[in-house]
Each structure stands twice: as structure tokens, then as C-alpha cells.
A.B. asks: 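Let me begin by handing over the structure; questions about it come next.
Chain naming here is simple, since letters A, B, ... match the order of the sequence lines and numbering starts at 1 in each. In this text the structure is predicted, and so the values were computed from the model without any measurement.
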Amino acid sequence: MNKVEAIVRPERLEAVKDALSEAGFVGLNIVSVTGRGVQKGIVHSGRGGEEYRVDMLPKSKIELVVKDADTEKVVQTIIQASRTGTIGDGKIFVLPVSDAIRVRTGERGDAAI
Amino acid sequence: MNKVEAIVRPERLEAVKDALSEAGFVGLNIVSVTGRGVQKGIVHSGRGGEEYRVDMLPKSKIELVVKDADTEKVVQTIIQASRTGTIGDGKIFVLPVSDAIRVRTGERGDAAI
Amino acid sequence: MNKVEAIVRPERLEAVKDALSEAGFVGLNIVSVTGRGVQKGIVHSGRGGEEYRVDMLPKSKIELVVKDADTEKVVQTIIQASRTGTIGDGKIFVLPVSDAIRVRTGERGDAAI
Amino acid sequence: MPEISSGDTAWVMMSAALVMLMTPGLALFYGGLARSKHVLATIMQSFFMLGVITLVFVTVGYSLAFGPDHYGLIGDFSWVFLQDVSASEPGPYAATIPHQTFVIFQAMFAIITPALITGAFAERAKFSTFLIFMILWSLLVYSPVAHWVWSLGGWLGGLPEENGDVGIGALDFAGGTVVHINAGIAALVAAILYGKRHGFGREPMEAHDITMVVVGAALLWFGWFGFNAGSAVSAGALASNAFVVTHIAAATAMVVWVALSWIVQGKPSVVGAAAGAVAGLVAITPASGAVDAMGAIAVGAGAGALCYLAVRMRSKVGLDDSLDVVGVHGVGGAWGAIATGIFATATITGGAEGLLKGDSAQFFDQLIGVGATMLYSLVVTYGILKVLDLTIGIRVKEDEELMGLDASQHGERAYQLETGGSYAGIPVAQANGAPYTPAPSTSPSEARS
Amino acid sequence: MPEISSGDTAWVMMSAALVMLMTPGLALFYGGLARSKHVLATIMQSFFMLGVITLVFVTVGYSLAFGPDHYGLIGDFSWVFLQDVSASEPGPYAATIPHQTFVIFQAMFAIITPALITGAFAERAKFSTFLIFMILWSLLVYSPVAHWVWSLGGWLGGLPEENGDVGIGALDFAGGTVVHINAGIAALVAAILYGKRHGFGREPMEAHDITMVVVGAALLWFGWFGFNAGSAVSAGALASNAFVVTHIAAATAMVVWVALSWIVQGKPSVVGAAAGAVAGLVAITPASGAVDAMGAIAVGAGAGALCYLAVRMRSKVGLDDSLDVVGVHGVGGAWGAIATGIFATATITGGAEGLLKGDSAQFFDQLIGVGATMLYSLVVTYGILKVLDLTIGIRVKEDEELMGLDASQHGERAYQLETGGSYAGIPVAQANGAPYTPAPSTSPSEARS
Amino acid sequence: MPEISSGDTAWVMMSAALVMLMTPGLALFYGGLARSKHVLATIMQSFFMLGVITLVFVTVGYSLAFGPDHYGLIGDFSWVFLQDVSASEPGPYAATIPHQTFVIFQAMFAIITPALITGAFAERAKFSTFLIFMILWSLLVYSPVAHWVWSLGGWLGGLPEENGDVGIGALDFAGGTVVHINAGIAALVAAILYGKRHGFGREPMEAHDITMVVVGAALLWFGWFGFNAGSAVSAGALASNAFVVTHIAAATAMVVWVALSWIVQGKPSVVGAAAGAVAGLVAITPASGAVDAMGAIAVGAGAGALCYLAVRMRSKVGLDDSLDVVGVHGVGGAWGAIATGIFATATITGGAEGLLKGDSAQFFDQLIGVGATMLYSLVVTYGILKVLDLTIGIRVKEDEELMGLDASQHGERAYQLETGGSYAGIPVAQANGAPYTPAPSTSPSEARS
Ligand SMILES: Nc1ncnc2c1ncn2[C@@H]1O[C@H](COP(=O)(O)OP(=O)(O)O)[C@@H](O)[C@H]1O
Ligand SMILES: Nc1ncnc2c1ncn2[C@@H]1O[C@H](COP(=O)(O)OP(=O)(O)O)[C@@H](O)[C@H]1O
Ligand SMILES: Nc1ncnc2c1ncn2[C@@H]1O[C@H](COP(=O)(O)OP(=O)(O)O)[C@@H](O)[C@H]1O
């Protein structure tokens, strides 16, 4: 099993969620994060005319654990639904998972996800 | 070492925290997330009588890093304290951790957790 | 690649972010969490004079994915900028990452981070 | 020459201040019901009326509404820029207060009425077009209808013109037709023309801050004492009765709405308590110079029930009247105007009586008032919005809507809570018993050097 | 025939509006102190009193409290449904305003008093039983005590009945006994009978929004001018003095409470500033028609100190009076009533003097007033709650409490902040210097197609 | 003997209550603009003035400001502790209300003026020193300047002393110089002496809750009716005009500021709407007894434009006037005082006329008033702050600032939202169609046993 962590634009979140659900991946979690990318955020003009860097922008992190075999499909689904082609589109990371347990039933492994 | 990530019902959080502490696992982090499970949430009736799906429900994610040997005990402790037997009880995932450092002292590995 | 997860004091967050950026690690995410450490929090005195334990304290979790070779440098950078030497300084965990994808371009692996 | 009464002037000034506060109150009521990415835009659409409509009204609107009558239909430009409107002497509408005190009191009504409409198109209106819509609506819809009902010689109200022409005498003490039906129908038209919000009926679109909704409702209730009792333009028995019935109707409608939500939906709703109170306040508005305390219970109970049902049925007809302007102000205002024709009593009106007293004349006058206002508001609002939609567009682009109007229309974000922040209690010890020492005071800059 | 004064009527109407606003103010004060999962329920328990108790009071309560006296103990049903209560002529209690203006002013007092009690059982009360409790309490406790103190012929107050019977003359200008001691003792009983909240003394139960607490306190302060100065039922010297002393006492108590929190706990508390102001307002309530400006400093200082200590000692006795009703209203009200007997001066009362002027008679009358109110409130509140507890239950189930009363009692959630949302500043450039372009406007629907 | 008018007394009491509410309103306006870790401290710096300055003013400040004149410069200690200040008879400043009603009305002005300054040093002031600063400032700056302008015999105002000495007659109806310029200049000095916030110009320091900013502005606007129209100390034509021009100027400045933000920054700003309204209210303050409704449009438009530009230029001069006190109150107050000399009309003043009417005498009197106030406030504020800085220090330590003033100065945290919490809608079914059953009611304690 793998854990897929995708950092996406909040305004694309609905689209990604819908796409995942259509592709059969219903279970997931969303975490609100703030993220900094290579372009170091944006420059903002404050009330008093001062300009400063806002480096941390709001992002949504989607987390879901999937079977090894499904990993690539999930990654592609997310990319398709979230890409706008402009800076700040985000990243997807894949982490190995050694075990999964469904609390309700105690099922483990692939059966649990 | 392993990182145990447990998605639990917010109303069971206190119980799980207490159980872990009693079992000797004090250190942990809680992240507020919203989660979608296989039953795709609940149907809610809005002010105007419209019915819509609320697919993302508030969940608490408990994260703690534990020694390999303790992993199963932690998993069982969480299950026992959080299970209600109904849909939405959540999941537990175990991820391998390759290193841990205690910032204060610089200790590493099992000693750091 | 590795994912570095560092739990730091919120009041050191700016310093850590700046230090990472200076060291060349711009991309990262911040998650607000509440954490419990071995000292089990602090004792607080309520309005009515009652004393109770506040076990969960606000912490900032910094998450960034880095190349294997950079991992140690990142860890040291975080330690230096966040250490105060007192209890509650936090932890750093390193988790293996099997893949990374830049959504905008589709680049994978080290190129994506 | 009539003399200025300090008591009456104090009361009408205070009432004007109270009605002024209703607009921010409404902004909060609506803002709380909106989602957090649209809250500022929603608030702004009400709040900014205090700026724009004030200018429209004191320069032109007042003169059109209350200026010398033409054919019972409209005033003229005699009083534009408040020329010939005395700052110290009474005008024709209130004998014991300066004319301008009356103007400013009326200005507050002119301000809140368009603000009411904004609930219908919340979360999707383009701010620039919205402003033009509201200015036109104030001049082309509000001022004429206000003239019909409240001016000397207006065809719907009962005040005599100089040449003796008298309107049909439809009773609208504080604005059931002029304000609420008028805004309610405009809201209906707007909800249809603006179209549904993206995701409507599919995604949750619940109130983002119900405490804000309650605060808004509380300020509305508070301000409504000025709205209704101030409409007596004096501080005597008429004002007192309006005050009393206003409170009682609001209370009754609140109880009825909560009870219905309990029965129908299973739990007593806090949003329902707020909405119910507003519904009661709307319905008593036209009736507050005509019914007595027990009549107010009837008016309030009817409002609670009818508005609750109207709101619950909204989704059945597929209308995205986002914050329920039609259900509360349209239905509540119409019920109030009609209820005036049912429960009016001569002990309060000094003449006219309602159906319950066996007199049906007033009842039919009320129906005419309701019907005429609805028709006029419907047609002219449709005309204005249709033209604006075909020319400059009334709605934001889809991605602007998804991003939130706060960001896309105003470049602002309502809430920016610190992530984290030190724990801020007064700790007395560490939990393990050791004395508590906060982290040392190395500052980030020192740390880095 | 006495004549209606527009100045007095304006003032009492305005005061009634101000006191009305106190109930939402209290809702915010309490709601801010509650935890976020209980905030709506806490607000609702105050806010909904505006609905329910209004109906109780205008239909029956007013008649019981202020109607024709029986044995100095209680009114009767002569004025139920406000029959024979004139909307235009003065009644027996205020010579220059319509009788119904007096009724509506009194209604606001009847509304806020039960609302005060709710702080004692916040975060655990079953809403249905709570409503029954409050209706019974209003009729069986509030109306009788109000009768004793304020009615013509009531045994505690000093107003003469038609047949010449006069009460003992305990002074309570604006409700120290009727409102605050009464509510404070009921709160004590309720806190005991409801029992402690789950996790009390173990988990933090801090205010979830202190800004809301301050807003609530500010609205209470603002409204209290109507509460006290409105109790003169006219706008003259008596009202003016009540206004002045109200402000000074609140200010003094605020300073004292903050100073004590600074000394005892180490830091000047913002919640303490809010609570201190309320304590001062409570204490000056009975005294506001009896003491002068410098007396107000004494009353306020005493209130700040005594209430602070009472609250700090709460945990020692293990009482879960969740939002400190006993410490603030019970103790503050009792201190105010007694202080009236100490600092009263004939220049304000027109007769009665306090201990400081060498007169102890008034002082003992005050003690009787305090004692009688406490005893009566204690016994009857206990009776009502005990019966309700044994029959339908006063408290929610444990899991409903843990889930939060907002969800379990009202099916609502107070706050729903968008997770994320685009950054909403007005960006002028990207940080690396490149011009800023927002994400393209592909909408999710397009993206999926 | 002059007689108390109930209408006038009602109005001035109500106005005093309205002005009292402005201080919490300001607390919210400032608190919303601050960052969330400083919000309580920011609120407290305004809110606590209600406590401290009330005591300062009624014990000593009033006597210094309004007591018997000495050389046109200062009062004396004749009226300390309000001795010889009647609670029932009129004093020398208002013929138809009790003297103490005038005192309490003035007290509210004395309270809000120092509160205004706090915006300049928000997010970094040490609370203990801050209190000393404010007490000294109130006595050494506020009272003298108030004396100059408003007392019998003050050298700047136009009221005659007993011995016939009359001031130069600079017009300041409700406090443009005494309140706004005075506070604005003190803010300038304070912003410089306190120094910049850590991270200023580098990190974002945006408003943490813009809805709170709007609520604050709305309460300020509402309260300002009492501030300006109450300054007539009677409820007649003068008050009415002040009321009308206050509203119009606020509305105009709001529209102008929003329009400028739209043109200059690209989007119409909601914070700008709030700030613009405040700027208009500030500017009309001195002019509200001198200009008419159309003059108010000019005053408001000038205020919107000038204050907007002043604020936008703040960063150019590198001033960390955190919440723009200088730009809004300093510039707005100065413009208002000068504009009074331009647009004053005899129909309102009953005598003095402005430049536009061809009279330049008043204009130059206004300049003297502005200049004298600026100079005096600058010098004395600098002296006080410099001494405090060199002795006990005016600013918190860097780590206290980073941690947030709420935690470091007050040991409190504003917001504590539950993490998570059950979904609190009223679910009717599970999304997959199955009937909804909530989680069973095993409680954690049971679960563990
Ligand atoms: N090394 C990293 N580790 C974790 N998250 C990252 C990393 N780099 C970027 N991110 C996340 O991805 C988001 C987008 O990255 P950015 O560099 O702005 O855009 P792009 O990936 O399109 O070049 C950032 O806002 C941040 O949340
Ligand atoms: N594949 C997944 N990856 C990560 N989290 C998941 C996944 N599936 C479910 N979850 C989390 O577990 C929660 C419970 O899942 P659900 O399917 O509703 O219940 P159950 O596990 O009892 O069948 C979800 O709300 C979500 O937070
Ligand atoms: N086993 C663990 N797994 C995950 N996070 C932990 C663990 N132990 C501690 N933490 C996090 O580290 C923080 C600091 O830990 P603590 O024990 O208080 O300090 P120190 O590391 O200085 O001894 C905690 O508040 C918690 O957020």
C-alpha cells in the first residue's frame, strides 16, 4: 500500500475530489495547510502602501491510502483534475505504508482501505 | 520506528488520548482533518428544504511515532478506545520512519521518541 | 527522497522558515497541530481558580520532501533555528518517499521537488 | 407656526440612528448566513448602501419620493439637494420636528430596502453592476412606491394633497409594502435572473457563522423599534403602541418558527429563532400603527408559520434565493399588509378597522396596495436587471465565484487566524509538577545570527 | 388627567430598546465564555427568552407582578392579555408615559432575568426541559418577587396600595433583588442540581472567543443605561443620576477586578475587565436611585473586589456554576442591595438615608429584602427543578454533551470556515519579481469534461 | 431658574450612551485590524479606558477641563470629585439638563480620545506603562485642550467667562481639535517613539478579521450620532442638523475612499469602506454645528480623498502607525477643522461664516486652533512618552511581541475553536441511501471500563 499526499490549489479541491470519487477512490482526508513554493509566494500591497512578501499561501492537502496497483491511477487522476499549468499547481508525494487497519471491523491490509 | 496515523471520530478523541497515555504513549500530535469514507457522508437538509450530500465530515487525525516493537500495542489501544462498531469509525495506517530526532537534545532514533 | 516532518514551537516557525529558505529549501508546507509531549503539557488556572492540565499545546508541523542527500542538512538547519533548549522543543521525523510528482509539468522524482 | 418638540425630535433622531444600525445588522445577518469566502462581499453589499444610497436619496430620491405630488404617482425635483428642505423648521410630514430630521429618518429606510434585496443574489453578484442596479432601483422603484404610499397625495396612501386629492388609504405604517414586499419581489426577480450558484443543491451552502446571524438578528430587532415606533414621528401613544406590538410580534414569530423547525425537522433551530424574529418584525411593520398587542400575537404567529413554510418550500420550486429574501420579506411583508386589513382596530388607527371588526373596505385597500407594489416592483426590477445583464453582465465569472467574492471582487480575505500561537493561559506549573518556565527569549533574529 | 410627556416617553421607549439589547448582549457574553461546540446552545438559552418570556409576561406575568395587590404578595389576573392596560393613557406606575410603555419596559426585565440563570447550567441543559423550567420560574418566582418589591402594595417595596397599605420600603431601584439576587440564587440551586459538566476540573473549559465576551459586556453596559436610568420612568434628575452612577460603578469595578487579577494571577485579565464591568453594573442596579456619584465609586469598588473573590473561590467549593452567575449576580446583587443601605443619601432618594448618614433603619430593610428574596428563590427554584429532574430530566445524555449541545440539541454548527480558499490580498507581483497572473479560469466542470 | 427639559435630557443621556458604545466600537475596529495574537490586547487598550479614564475624569479631569477658568488656559480643582456639580440642576454649559448629565456626556469624550491613540502603537505596547501614559495624557493634554476650546473663558473657543473674557472663537462643535487632531498628533509622536513592529514591512500584518472591522465601524457610526448631535446638548434644530450632516459626510467619505481604492489598487476595498466612513465622521465632527447638508458632502468628499492619500503614503515615510490613526484622525480632524472655516454658514452657526461666504476671519481662527492643538499635543505627548521610555520602558520585549501581546500581557488567548466536533447538520439519511444512525452513545468512560 501507498499513501498518496497531494498538495493542490483549494479552488481545485472539489474537482479533484469528484474525479477521485468517479475513479472509484472514495475514502480520503483533507488537511488545510499553507504552502511555500519555489516562487516564494506573491507580493502584496498593504493598507499603508507597503509591499511585502506573502510566502505562505493556503493549499489543500489530500491524503489517501491506496493499493500499490492503484497508485499510478490515483496520481494521474489527481494531476488531470488539478493541473492549471501555472506556477503553484502543487505536488504529489507517494509514501510507502506498511499496514492499514479498519477500526470498525479490525480488517487489515488492502481489505481495510 | 513507525509512524501511526489514526483517523478517529472527534468525539472519541479524548478517550483515545487517555487510553494511549495510560498505555504509556504520551507524545503525539492531533491534526483536524475532514474525511470522506465509503458511505460518502450523510445527506443533510438545508434551510430551504434542499437535500444535499455532505461528503466531508470532521475527523481527528492522531499521529505518533513509536518503536517498531510498540506498534501493535498502539494500534490495539487505539482500536479499543475508538471503536463504536458503526460506519465512520476510521482507519489506522502504519508508515515506516527512517529517523527521529529530539530537537532539544539532538538524540536520535528510538531514544528521541 | 525523504519527507521531513518537524514539529516546532509556533513562535520559532518564522525563524525555521527563514533558515530553510536561506539554506536553499524553499518549498514546504505548514500544518497547525496540537501536540502532547512527555511532560504532559502545563497546569493552567481557570477563571474559577480551578487548576487543570492543558495537555495539548499548539505546535506547527513543517513538512517538506527533500532529496536523500539533503536530508541531514535540512534536519540540522531546522534544529539550529528551532532549538531553545527547554522542554517542548519538538521532534523531527524522517519518512521515506517513493515518488514525487510536480503537477504543473508532470516531472517526477528528484526533479519534482 | 408649529413648534419643534424636543421629546419628539429626540425620539425621531434616536429612531433614525436605530434604523441606520439595521443596515450593518442586516449585513451581519446575511454575512453569517453566507459562506466564509463570500462573507465580506455579502456584508459590503449591505454596508455600502449606507454610502451610495445616502447620496442618491438626499440629492434626488427624497424629492422624488416626498416632493410635491404629480398625479399621485411621483414627486418632482423641487427638493433636490435638499433645497427648500429646512434644517430647523418642520416640513409637511411631521409637525414637531425639523424637516431634515424627517429626511434623515426616511433616508435610513431608503438605504436598507435595496440592502434587503442583496440576499437573493448573494455569493455571485458582480460588484460594479450591483452598484448600478441599486442606484437605478432606488430611483425607479423605491422612490415611486414610497411616494404612492407615504407622500401627500400619493395614490395608495391616505394623506391629502394640497388640492384635496386623497389616496385610497391603504395602511402601511412603517413600510410593509414600500420596504418589504417591494424588496421581496425584487429579490424574486433577481434570484431568477442571477441564476443558481455554482453547486447549488449539490454542495452544502450552510451559514458560516451562526453567532453572526444571531447578532445580526438582534441588531435588526433593536433597530426595528426605531423603524416602527419612529414612524410615528413623535413620541406619544402611537409610537408606544408601535413599539409594543413590534416586540410582541417578533417574539411570537420567533417561537412559532422554532416550534415548527422542531416539529418538522426534529430539532429547534437557532437560525430559525433568528429568522423567525425577523419574519415577525417584517410582518408587523405595516401593521404597527393599526393593531393592538393581542393583534400583534396573531400577526406574529401568522408570520412565523407562513414564512417558515415559504422557506421550506423554496427548494421545491428550485429557486436559489440564497438568503431567503422572498420567503421572509416577500411573504412576511405581504402577510403583514393583509393582516393589517384583518386585525386593524380603530382604537389604534383612530378610524380604519379590519375584517375582524366586520369592515372589509380596508382589507380590499390592503390587497390593492400589495398587488400594485408587487406588479410594479416585478416589472421595473425585471427591466433594470435584464438590461444590465445583456449589457455589462450581472454575475461574476465562474472561477471568481469559486474563488470567493471576497477575493475576486474586493481583493480581501475576511479571516486570518494565526496558525498556532503560544498557549496563552496563565500556567502555574508543568503537568508533571515541575515549575513552569516559558521558552527563553531568544528571538528568531538572534537565533539566526 | 395626567398628560403623556414626549420626552419621558421617548426615554422609556429608548430604555426599553436598550434593555432588550441586553439579552443578546448577555447571549454573547455567555456564548463567548462557552466552548465552541456549545456556543449556539448557550446563545439560544438567552436569545430565545426574548420569544418565550415575552409571551409569558404580556399574557400573564405582568398581571401577576403588577396587577392589583393581594396581601402584599401577588397580583392577580385582572390584566391578563393586557386587558385594561391602556396603550395610550398612563397607568398607575408612571404618570407621564402610556401604561403599555411601562409594560414593555418591564417585559425586558422579565426576559433577561431567567436568561441570567442560564450561565449556571451552560453546556449541559436539555433544551426542552429548560424551556419548561424558565416558563415556570418566570411565573412562580420572578412575578411574585417583582410584585413584592415594585408593585403598589407589595410588602417589600414602599409603594402605597389604594387601601393605604405600604411595604416596608426596601430600596431596589432597578432590580438588585428582583433580578440579580433572584437569578443568582436560582443559579446556585441550578448549578448544584444540574451537576458538574463532564470533565469539569480535569479538562480546560476556557472561553472559546474572548472578543465575543467583550462585545457582550459592552452591549450589556450600553443597555444597562436603559435598565437603570430608564427605571426612573422619566427623563429628569433621577434618571440622570442613575445614568451617572451606573457608568461610574461599572468603571470602578472594572478597574478593581483587573487590578486584582493582576496581583493575584500575575496578569491583567481581559475577561476580568468584562466580568468586572458586569459586576459593577449588577451592584449599582439597586443603588442607582439612592447613591450619588462618589457613592457609586464605593459600590463599584466593593463589587469588583467581592465578586472577584467569589469567583476565584468557586473551585474551592467544587461548584460548577459554569459562567459564574452566583459569583457575579448573586454576590454582586447582594452587595448592591446592602450597599444601598449603607450609602443611600437623601439628596438622591428624597428621604431614605444609609448607615453612613447614621441611619440604620434602611440598612435593616435592605437585609430583609435580600434575605426574603434569597429564601424564596432558593425554595421555589429547588422545587421546580427537582420535580423536572425526577420526571422528564433536566440534563442531556453524556454523549450529547460530549458531541456538543449545538449539534445534539439544535442540529447546528456555529462555525464553518472554508478550509483553504485562495489568498485574497491584492497581489501586485510574484515574489520573484515576475508579474502576477492568477490561476486560469478553467472551472472544475470544464476541467472534468 | 432654568428648568430641566425631559426631551433634552433624554437626548443627551441617549447621546452619552451612544458615545460610550463608540469605545467598544473602536476596540473592535482596531481589534479586527490587528493580528489574531494581539487582538485582545488591542481591544483592551480601548476597552479599559472606560474604566480608568472614567475615574480620572470624574475625579479630576472634568474640573480641570470645565472648571472655573484661569487665564483661558486651564480649569482648577473646584469641581474635583464632582463636588458642587449638581446631579439635578443645570450647570453653566447646558441650560436644560442636569449638570451631571453634561459631565457624563463629556466623560465619554475623554474616554475615547486616548483610546484613539492606541492604534498607533498597537501590537507592541507594554500594558503597565501604557496605563500610566494614558492617565498622564488625559490630565496633561486632553483636559487643557478641552478647556481651551469648550470651557467658559477658554482662549480658543468662543464662550464668555464671567468677567467677560471671550476666546478667539475657533469653531469645534464636537471635537475636531480636542479629540481628533489631538489624538492624531499624539499618535504620530507615539508611532515614532514606540518604533516599528518586529517584521514591519517584511511580513504581512493584515487585518485578522475584517468582519470585526466593519462591526466596529458600524458601531462608531451609530455612536457618532450621539457624539455630534449630542454636542448640541439639546434636542432641537442644532442637534438635528448635526445629525444630518454627520450621516451625509460619513456616507460621502465612504464612497470616495472605496472609489479611490478601486481606481488606485484595482478593487473596491471593504476595509476601505469602513475606514472611509470613519474618516468622514472624523472630519464632520468639528463642522457639524457649522455646515449644512450640502457642505457635508464637501467635507466628506475631502475627508475620503485626503485620508486615503495620507494612509497610502504612510509606508513611503516609513511610519509604523499601525492602525492609521495619523492618516485618519490627524488628517481627517485637521481637514474638518479647516473645512469648518471654509464651509461654515450662518444659517447653521447663527453667525460665523466660512471662506466660501467670503469671510476669512473664521478660517484663520480655525488655523490657529489647529496649529495650537498640534503644537501642544506634540510637545507634551513627546515629553510624557520620552520620560516613560527612559524610565520604565514603553515597549514589550521582542519575544513577548512575537508570542503575541494577548499571551504575554494578559495571559489569554482570544480564540479556542474545538478541533473537529461532530458534524452538526440535521442528517436525514446516509448518502448511500441507508437511513442515518448516529454513533452509539457509549461514552468514553464506559468505553474504557
Ligand atoms: N519540497 C516540497 N515539499 C513539500 N511540499 C512542497 C515542496 N515544494 C513545494 N511544495 C508545495 O507545493 C506547492 C506548489 O509549489 P510551487 O513550487 O509553488 O509550484 P509548482 O510545483 O507548480 O512549481 C507549494 O505551495 C507547497 O505547498
Ligand atoms: N483510503 C483512505 N485513505 C485515507 N483515509 C481514509 C481512507 N478511507 C477512509 N478514510 C478515512 O476514514 C474515515 C472513515 O472511513 P469510512 O469508510 O467512513 O468508515 P469505515 O472505515 O468504518 O468503513 C473517513 O472519514 C476518512 O477520514
Ligand atoms: N512520539 C511522538 N510522535 C509524534 N510527535 C511527538 C511525539 N512525542 C512528542 N511529539 C511532539 O513533540 C512535541 C514536543 O515534545 P516534548 O516531549 O514536549 O519535548 P521534547 O521533545 O523537548 O522532550 C510534542 O508537543 C509533540 O507535538
Side-chain angles (χ1 to χ4, degrees), chain E residues 5-8 10-11 14 18 35-37 206-211 214-215 218 221-222 225 229 234-237 239-241 243-244 247-248 250-252 254-255 258 265-271 273 277 292-294 297 347-348 397-399 402-404 406-407 411-413 415 425-426, chain F residues 4-10 13-14 16-17 20-21 24 27-28 31 39-40 43-44 47-48 50-52 54-55 58 81-82 87-88 97-98 100-101 103-104 107 127 204 206 212 265-267 406 409-418 421-426 439 441-445:
Chain E
S5 149
S6 68
D8 292 346
W11 177 242
M14 198 56 233
L18 286 171
R35 286 170 292 169
S36 64
K37 65 183 173 185
E206 294 300 290
H208 90 283
D209 186 352
I210 297 180
T211 69
V214 173
V215 173
W221 192 326
F222 177 61
F225 290 124
S234 61
S240 173
N241 182 71
F243 192 108
V244 170
H247 185 72
I248 292 175
T252 311
M254 179 196 230
V255 170
V258 169
Q265 292 162 272
K267 308 218 179 206
S269 162
V270 176
V271 170
D292 61 16
M294 292 306 118
I297 293 184
T347 56
I348 309 297
K397 280 183 261 154
E398 191 177 3
D399 61 319
L402 289 176
M403 177 191 278
D406 293 3
E412 287 166 328
R413 191 156 60 141
Y415 309 109
I426 304 185
Chain F
I4 301 296
S5 150
S6 68
D8 292 346
T9 306
M13 285 196 291
M14 198 56 233
M20 177 265 152
L21 191 63
L28 294 178
V39 56
L40 293 182
I43 285 177
M44 185 72 167
F47 187 55
F48 198 53
L50 278 168
V52 172
T54 296
L55 291 179
V58 301
F81 295 97
L82 300 189
S88 51
I97 63 173
Q100 285 199 2
T101 308
V103 173
I104 205 73
F127 188 69
E206 294 300 290
M212 189 184 276
Q265 293 162 271
K267 308 218 179 206
D406 294 2
Q409 300 300 293
H410 303 289
E412 287 166 327
R413 190 155 62 141
Y415 309 109
Q416 311 217 37
L417 298 183
E418 296 280 314
S422 236
Y423 181 75
I426 303 185
S441 66
T442 8
S443 76
S445 49

A.B. asks: Give me the atom names and distance for the closest heavy-atom approach of F/M13 to E/A229.
C.D. replies: SD-CB, 4.5 Å
A.B. asks: Select one option (side chain, backbone, both, neither) describing which atoms of E/S5 are under 4.5 Å from chain F's heavy atoms.
C.D. replies: side chain
A.B. asks: Between E/H247 and F/V58, is a side-chain contact (heavy atoms from CB on, under 4.5 Å) present by the stated rule, with each step listed?
C.D. replies: CA-CA 11 Å; E/H247 185 72; F/V58 301; over 6 Å; no
A.B. asks: Shortest non-hydrogen contact from E/N241 to F/A87?
C.D. replies: OD1-CB, 4.0 Å
A.B. asks: If we define contacts as heavy-atom pairs under 4.5 Å, which of F/A27, F/G7, F/P98 has the most with chain E?
C.D. replies: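 Top option by heavy-atom pairs under 4.5 Å: F/P98.
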A.B. asks: Kindly indicate whether the side chain of F/L28, heavy atoms from C-beta on, has any atom under 4.5 Å from the side chain of E/V215.
C.D. replies: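 Counting from C-beta outward, F/L28 and E/V215 do come under 4.5 Å.
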A.B. asks: I'd like to check E/I210 versus F/Q416 (side-chain heavy atoms, cut-off strictly below 4.5 Å). Are they in contact?
C.D. replies: no
A.B. asks: How long is the gap from CG on F/L55 to OG1 on E/T252, to the nearest 0.5 Å?
C.D. replies: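 Going from CG on F/L55 over to OG1 on E/T252, the span is 4.5 Å.
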A.B. asks: So what's closer than 4.5 Å to chain E heavy atoms on F/L40: side chain, backbone, both or neither?
C.D. replies: both
A.B. asks: Taking all heavy atoms of E/G236 and all of F/T9, pick out the closest pair and write down the distance.
C.D. replies: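 Smallest interatomic distance, heavy atoms only, reads O-CG2, 4.2 Å.
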A.B. asks: For the candidates E/I348, E/I248, E/T347, which exhibits the highest count of non-hydrogen atom pairs separated by less than 4.5 Å from chain F?
C.D. replies: E/I248
A.B. asks: Tell me, side chain or backbone of E/F222 under 4.5 Å from chain F's heavy atoms, or both, or neither?
C.D. replies: both
A.B. asks: With sequence neighbours excluded, tell me which residues meet side chain to side chain contact (heavy atoms under 4.5 Å, CB included) with E/S269.
C.D. replies: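 Here the qualifying residues are E/S261, E/V271, F/E412.
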A.B. asks: If every non-hydrogen atom of F/V52 is compared with every non-hydrogen atom of E/V255, which pair is closest and at what distance?
C.D. replies: N-CG2, 3.7 Å
A.B. asks: Measure E/A239 against the heavy atoms of chain F and call it side chain, backbone, both or neither at under 4.5 Å.
C.D. replies: both
A.B. asks: Give the minimum heavy-atom separation between F/M14 and E/W11, together with the two atoms involved.
C.D. replies: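 That closest heavy-atom pairing would be N-CZ3, 3.9 Å.
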A.B. asks: Only pairs of heavy atoms separated by less than 4.5 Å count here; which of E/A10, E/S240, E/A218, E/A237 has the most with chain F?
C.D. replies: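 Among the listed options, the one with the most contacts to chain F is E/S240.
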A.B. asks: For residues F/S6 and E/D8, report the shortest heavy-atom separation together with the two atoms involved.
C.D. replies: CB-OD1, 3.3 Å
A.B. asks: Please classify the contact between F/I43 and chain E as side chain, backbone, both or neither, with a heavy-atom cut-off of under 4.5 Å.
C.D. replies: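 Side chain only.
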A.B. asks: Quick check for you: to the nearest 0.5 Å, what is the distance between E/D292 atom CG and F/Q100 atom CD?
C.D. replies: 7.5 Å
A.B. asks: Strictly distance-based, threshold 3.5 Å: is any side-chain N or O of F/H410 a donor or acceptor partner for the main-chain N or O of E/P268?
C.D. replies: yes
A.B. asks: With F/F47, which residues qualify under ring-ring contact (aromatic ring centres under 6.0 Å, His included), at least two apart?
C.D. replies: none
A.B. asks: Please examine the side chains of E/T211 and F/Y415, heavy atoms only from C-beta on, and report whether any two atoms are closer than 4.5 Å.
C.D. replies: yes
A.B. asks: Identify which part of F/A107 has an atom lying under 4.5 Å from any heavy atom of chain E, answering side chain, backbone, both or neither.
C.D. replies: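 Nothing of F/A107, per the 4.5 Å heavy-atom cut-off to chain E.
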